[in-house]
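The basis for the numbers below is simple: all heavy atoms, side chains too, and nothing from hydrogens, waters or symmetry mates.
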Amino acid sequence: MAKKKKGKKKNQKKKILMGTLAGVVVLAVGAGAGVFLYQNVFSGSREEVLKEYMACIEAGEYEKMYDFLDSSSQETVSQEDFVTRNQNIYEGIEASDIQLDISEGQDRGQPLSYSVTMNTIAGEISYDNNTAFEREDGDWKIVWTDAMIYPSLGENDRVSVTTLEAERGSIYDRNQNLLAGQGTVQSVGLVPGKMDVQPQEEIQAIAQILGTTEDNINSSLDASWVQTDSFVPLKEMTQEQLDQPYTDADGNETGQTVQEALLSYPGVMISETESRVYPYGESTAHLLGYVQQISAEELEEMADQGYNDQSIIGKSGLESLYEERLRARDGHKISILDSEGNEKEALAMEPAQDGEDITLTIDINWQTKVYEAYQEDESCSVVMNPKTGEILALVSTPSYDSMDFVLGISQEQWDSLNNDETQPLYNRFRQTWVPGSSFKPVIAAIGLSTGTLNAEEDLGASGLSWQKDSSWGDYYVTTLHEYSGAANLRNALVYSDNIYFAKAALQIGADTLAQQLEKLGFNQDIPFDIVMTSSQYSNTEGIDTEIQLADSGYGQGQILVNPLHLACIYSAFFNEGDMIAPYLEYEEGKTASYWIEDAFTPEAAQTVYEDMQEVVSDAGGTGHAASSVAGVTLAGKTGTAEIKESQEDTEGTELGWFAVYNVGESDENTVLMLNMVEDVKGRGGSGYVVDKDVEIWNQMAVSE
């Protein structure tokens with residue numbers, strides 16, 4: 001796959017070292033052949049004086065440096081000017097680790113020659129120099145000129161530090177669609193000179209539109225740098241936000257867009273500015289996360305990694321996970337400028353390092369179609385190629401807009417997100433859930449692989465309610481569908497027979513089931529870039545009772561499964577019993593690798609794979625509605641998981657599942673989609689999910 005190259009606009013921020021700068025770095029003067037330590041090796045010598053002078057730089061003692069100057073030099077430059085010039089330059093370039101090399105045996109009648117090496121913000125600076133000395137009252141004094149700082153620095157020259165801005169790396173989908181990267185937003189601001197003479201009423205209205213306060217706007221307008229013709233930025237917004245209908249403080253539609261309402265006030269201007277953008281908004285928010293300016297606490301932890309108080313860092317999602325690779329590392333250039341501001345000499349330059357671009361296996365078509373179908377639900381979805389392990393979509397709904405955090409989220413927005421009962425900030429695809437009947441293919445494959453279950457064996461019809469014996473007391477396993485014919489594996493999957501799978505689990509046995517689930521990755525970390533909650537089969541170390549064992553057979557009991565993990569288990573049905581290793585970062589020509597080999601026997605995997613086709617193709621199958629998608633043959637397994645306090649609980653809710661895949665496609669076009677929706681009770685159970693997935697597959701067929 002050819003990768004598009006993005007055009008990058010390099011920005012430069014130039015700092016002329018004239019003002020007061022903070023942060024003295026202690027300088028270390030090195031030792032070695034021909035290098036003089038800070039001690040009285042040359043008592044009363046020129047070398048000692050120079051050494052002490054340079055040592056003052058590391059100590060930040062610029063007034064003391066001035067005392068080393070001869071009287072004629074002090075007549076030429078005042079102490080104030082001397083201190084200001086030296087301090088601004090040395091601290092501005094962040095000089096450190098100054099090394100002074102003075103050759104022995106020099107003629108005292110000639111200026112003293114020496115070499116200087118120092119580290120700076122822009123890398124190492126080295127130069128040869130010479131300085132004249134005069135005897136005054138028996139002491140050697142320095143005949144100082146600006147060339148003492150750097151040989152080519154003249155009296156009217158200036159030293160500048162230019163920041164060479166780097167660009168944060170972009171994130172792309174598999175087809176090079178930009179998911180996160182450099183873009184433009186709109187900056188809303190005021191030009192004081194164009195505002196009304198007494199603008200407070202307008203400021204109040206503008207604050208209401210922008211969701212800020214009058215005090216904030218007035219504070220911005222009162223900044224020391226603001227002139228009458230200055231553009232004073234107040235808030236950055238997306239064009240989509242500006243195009244929204246504007247509702248006034250009383251909740252009334254005004255007939256204006258937000259942009260029209262803002263521009264109706266004198267002095268308001270809207271201009272374009274660069275920003276990190278997320279073109280697909282809420283559909284990718286839980287996957288990508290967002291960036292913001294580094295906090296004081298984060299800076300304290302990360303200052304030694306090259307961050308500063310203006311750094312933008314990933315706060316969540318892939319932006320945080322891939323921070324070290326995506327981050328931009330600004331460069332710096334130190335130059336001498338003449339009196340007209342022209343560059344006279346470049347002393348050092350550290351190039352900017354743009355962040356690394358990252359391409360994901362994500363297909364934005366799947367990502368957005370799944371999000372759009374489920375955006376009103378509390379759900380999570382995984383779409384993967386079960387033959388290769390490529391993750392095509394990871395979706396959690398409801399969601400939020402990453403741009404709200406990038407542009408500055410208001411307290412009102414933050415409170416709304418946190419107080420929302422549907423938990424839009426909650427990333428559901430990272431969690432574990434009761435799988436219900438979507439777990440039955442896993443139990444089937446375990447039973448077939450261990451020889452504890454025969455696919456053709458009739459485990460006996462038991463109606464809609466069953467218990468092993470009276471030792472279970474009032475506890476019964478219930479199921480929803482009665483059917484004619486044998487209670488064998490094929491029919492049990494097609495009609496989603498809870499009783500059959502409870503019996504199957506009892507035949508497998510607690511120890512064997514626990515061992516096999518451990519083998520399938522339960523209670524283990526999922527090998528994936530994004531940290532997922534580990535799946536479990538019990539709240540304790542084992543399956544403790546027969547009832548728990550029976551309930552585990554149809555995905556209840558204490559079974560909790562991460563949706564990505566469950567999709568990986570399903571992948572074994574496509575790969576002769578081997579579970580694929582999922583991955584998220586695209587790699588051209590990557591060979592599929594397996595997380596767990598021989599998870600099931602090839603025969604068991606094939607049997608379950610074929611039976612799941614009939615879950616959709618059979619007119620009585622729980623997934624039969626998925627047979628209506630034109631141009632593709634689908635197969636899969638539905639699941640409805642009950643979430644309640646006890647068997648008598650009638651107030652509990654239900655989770656709806658559907659794992660669905662296309663049959664007869666090439667390896668590269670095979671797709672497995674797994675969806676979980678909360679609270680489907682009274683909405684059709686898993687049938688609600690099946691209908692949604694039919695919509696998605698029909699839309700994908702059209703888009704392809």
Side-chain angles (χ1 to χ4, degrees), residues 432 434-462 465-479 486-493 496-524 534-561 565-566 568-570 572-573 577-579 596-608 611-612 637 639 641-642 647:
T432 55
V434 180
S437 296
S438 66
F439 202 62
K440 290 172 181 175
V442 181
I443 296 296
I446 289 174
L448 295 174
S449 297
T450 58
T452 55
L453 185 66
N454 184 320
E456 303 303 323
E457 181 182 359
D458 186 342
L459 298 189
S462 302
S465 178
W466 171 84
Q467 64 175 193
K468 179 187 174 186
D469 54 40
S470 60
S471 68
W472 285 14
D474 295 333
Y475 190 80
Y476 287 82
V477 175
T478 60
T479 195
N488 59 19
L489 178 58
R490 182 265 182 200
N491 288 335
L493 284 171
S496 203
D497 184 352
N498 290 346
I499 295 173
Y500 174 93
F501 282 98
K503 294 176 180 179
L506 293 175
Q507 287 189 184
I508 292 170
D511 290 344
T512 299
L513 182 57
Q515 290 168 3
Q516 291 299 307
L517 292 177
E518 293 277 356
K519 176 182 174 181
L520 293 177
F522 278 70
N523 299 323
Q524 298 175 30
S534 298
S535 302
Q536 68 165 63
Y537 56 84
S538 177
N539 296 333
T540 62
E541 293 184 357
I543 300 173
D544 299 326
T545 67
E546 278 190 337
I547 291 176
Q548 182 186 348
L549 176 60
D551 286 345
S552 299
Y554 54 98
Q556 295 278 169
Q558 295 171 18
I559 301 283
L560 293 173
V561 181
H565 185 188
L566 186 56
C568 290
I569 297 175
Y570 267 67
F573 305 138
D578 296 333
M579 275 173 57
I596 299 168
E597 295 184 356
D598 302 320
F600 309 124
T601 64
E603 297 77 15
Q606 185 64 27
T607 297
V608 174
D611 285 350
M612 284 196 292
K637 184 69 188 80
E642 293 183 316
Q647 193 171 28

Who passes side-chain contact (heavy atoms from CB on, under 4.5 Å) against A505, sequence neighbours left out?
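Scan of A505 (side-chain contact (heavy atoms from CB on, under 4.5 Å), adjacent residues dropped) gives L549.
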On a heavy-atom basis, which atom in [X] and which in [Y] lie closest, and how many Å separate them?
{"X": "F573", "Y": "P441", "result": "CZ-O, 3.7 Å"}
{"X": "A514", "Y": "I543", "result": "N-CD1, 4.4 Å"}
{"X": "L453", "Y": "A504", "result": "CD1-CB, 4.0 Å"}
{"X": "V442", "Y": "L566", "result": "CG2-CD1, 4.1 Å"}

Backbone N/O of G557 and side chain of Q548: donor-acceptor pair under 3.5 Å:
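No, because the side chain of Q548 does not come within donor-acceptor range (under 3.5 Å) of the backbone of G557.
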Side chain proximity check, F522 to I569, heavy atoms < 4.5 angstrom:
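In short, these two side chains touch, coming nearer than 4.5 Å.
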Would a 4.5 Å heavy-atom cut-off, applied to side chains only, mark S465 and V477 as touching?
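They are not in contact (no side-chain heavy atoms under 4.5 Å apart), so the answer is no.
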Going by the rule salt bridge (Lys or Arg N to Asp or Glu O under 4.0 Å), which residues pair with K468 if we only count those two or more places apart in sequence or in a different chain?
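K468 satisfies salt bridge (Lys or Arg N to Asp or Glu O under 4.0 Å) with E546 once adjacent residues are dropped.
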So, T607 versus D611: side-chain donor-acceptor pair below 3.5 Å or not?
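Absent: no donor and acceptor within the cut-off.
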What residues, two or more places apart in sequence or in another chain, satisfy ring-ring contact (aromatic ring centres under 6.0 Å, His included) together with Y500?
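Counting only residues at least two positions away or on another chain, Y500 forms no ring-ring contact (aromatic ring centres under 6.0 Å, His included).
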Partners passing side-chain hydrogen bond (donor to acceptor under 3.5 Å, both in side chains) against E642 (at least two apart in sequence or in another chain)
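Partners of E642 under the side-chain hydrogen bond (donor to acceptor under 3.5 Å, both in side chains) test: none.
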side-chain hydrogen bond (donor to acceptor under 3.5 Å, both in side chains) contacts in which one or both residues fall within residues 503-518, not counting sequence neighbours
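Checked against side-chain hydrogen bond (donor to acceptor under 3.5 Å, both in side chains) - neighbours excluded - the pairs reaching residues 503-518 are S462-K503, E518-N523, E518-Y537.
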Could you note down all residue pairs passing side-chain hydrogen bond (donor to acceptor under 3.5 Å, both in side chains) where residues 435-449 supplies at least one of them, sequence neighbours left out?
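For residues 435-449: S437-K440, S437-S496, K440-S496, K440-N498.
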How far does CZ of F439 sit from NZ of K637, to the nearest 0.5 angstrom?
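Going from CZ on F439 over to NZ on K637, the span is 13.0 Å.
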Applying side-chain contact (heavy atoms from CB on, under 4.5 Å), run through L513 and S552 and close with a yes or a no.
CA-CA 9 Å; L513 182 57; S552 299; 4.2 Å; yes
